[in-house]
Amino acid sequence: MTELHDWLVGQHPGLRTYTSLQHKALQLASSDAEHGALYRLLAGLAGRYIESFDEEPLPVDVAQQAYQRLLATVGDAERSLSASPSEQVKALNRLAATELV
């Protein structure tokens, strides 16, 4: 998860970043089964954002706000990995309820 967060910090807030994040999260879901639900939820979050703006103009302010929310969400997910099981479930529930726009 740290690698995913570090990668995301250096990215542009455009749709290509979300597409790459979705693919990376799905790969991690396969290779890190212990945290597969978290990675699948991240992939779904990215996918919903992509669907919202696919073939549509993306206002710069919307893109920047969504990107900042995504960074915070991935940071929260990263911190949850070392938390107690009940805190991990809470983090999964927050992630499941998150919308970027």
Side-chain angles (χ1 to χ4, degrees):
M1 179 61 75
T2 301
E3 288 178 28
L4 186 62
H5 185 263
D6 290 348
W7 168 82
L8 186 58
V9 167
Q11 298 304 303
H12 182 271
L15 285 178
R16 186 172 295 147
T17 295
Y18 293 85
T19 302
S20 295
L21 174 68
Q22 185 179 38
H23 291 286
K24 288 176 181 293
L26 289 173
Q27 288 174 340
L28 288 166
S30 296
S31 65
D32 183 5
E34 183 178 354
H35 301 108
L38 184 137
Y39 292 119
R40 290 226 174 246
L41 286 170
L42 283 173
L45 179 65
R48 288 190 305 277
Y49 185 79
I50 293 163
E51 288 173 8
S52 294
F53 292 102
D54 189 32
E55 307 272 337
E56 297 289 326
L58 182 59
V60 174
D61 60 330
V62 171
Q64 194 59 38
Q65 288 173 356
Y67 178 72
Q68 291 304 317
R69 182 170 286 163
L70 180 63
L71 280 174
T73 300
V74 172
D76 183 49
E78 180 180 9
R79 287 184 296 280
S80 78
L81 295 180
S82 61
S84 69
S86 65
E87 290 301 313
Q88 288 182 17
V89 170
K90 288 178 185 177
L92 288 172
N93 286 332
R94 281 192 306 273
L95 178 54
T98 298
E99 292 297 331
L100 298 175
V101 194

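- For the pair Leu28 and Leu42, the minimum side-chain heavy-atom distance is 4.5 Å or more.
- Contact record, Lys24 with Trp7: CE-CE2, 3.4 Å, taken as the closest heavy-atom pair.
- Side-chain atoms of Tyr18 come within 3.5 Å of backbone atoms of Tyr67 as a donor-acceptor pair (strictly under, hydrogens ignored).
- Of all heavy-atom pairs between Gln64 and Pro13, the closest is OE1-CG, 3.5 Å.
- Going from atom NE2 of His5 over to atom CG of Leu71 covers 5.5 Å, rounded to the nearest 0.5 Å.
- Atom OG1 of Thr73 and atom CG of Leu45 lie 6.0 Å apart (nearest 0.5 Å).
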(request) Let me see the working for Leu41 and Leu92 under side-chain contact (heavy atoms from CB on, under 4.5 Å), right down to the final yes or no. (result) CA-CA 8 Å; Leu41 286 170; Leu92 288 172; 3.8 Å; yes
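- Considering all non-hydrogen atoms of both residues, Leu38 and Met1 come closest at CD2-CE, 2.7 Å.
- No chain of hydrophobic side-chain contacts below 4.5 Å, direct or via other Ile, Leu, Val, Met, Phe, Trp or Tyr residues, connects Leu26 to Tyr39.
- Between Thr2 and Glu78, the closest heavy-atom pair is OG1-OE2, 2.7 Å.
- Taking the side chain as every heavy atom from C-beta outward, Leu95 and Asp76 never approach each other to under 4.5 Å.
- Smallest separation of non-hydrogen atoms from Ser80 and Ala91: CB-CB, 3.4 Å.
- Judged as a side chain to side chain donor-acceptor pair (under 3.5 Å), and not counting sequence neighbours, Ser30 has no contacts.
- Atom OG of Ser82 is separated from atom CD of Glu87 by 10.5 Å, given to the nearest 0.5 angstrom.
- Taking a 6.0 Å sphere around CZ of Arg94, one finds it holds more than 12 heavy atoms contributed by other residues, nucleotides or ligands.
- Every residue meeting the salt bridge (Lys or Arg N to Asp or Glu O under 4.0 Å) condition with Arg48, not counting sequence neighbours, appears here in chain and number order: Glu99.
- Evaluation of the side chain to side chain contact (heavy atoms under 4.5 Å, CB included) rule for Leu15 yields Tyr49, Phe53, Leu58 as partners, not counting sequence neighbours.
- For the atom pair CD of Glu34 and CD of Gln88, the computed distance is 7.5 Å after rounding to the nearest 0.5 Å.
- Between Leu21 and Ala46, the shortest heavy-atom contact is CD2-CB, 4.1 Å.
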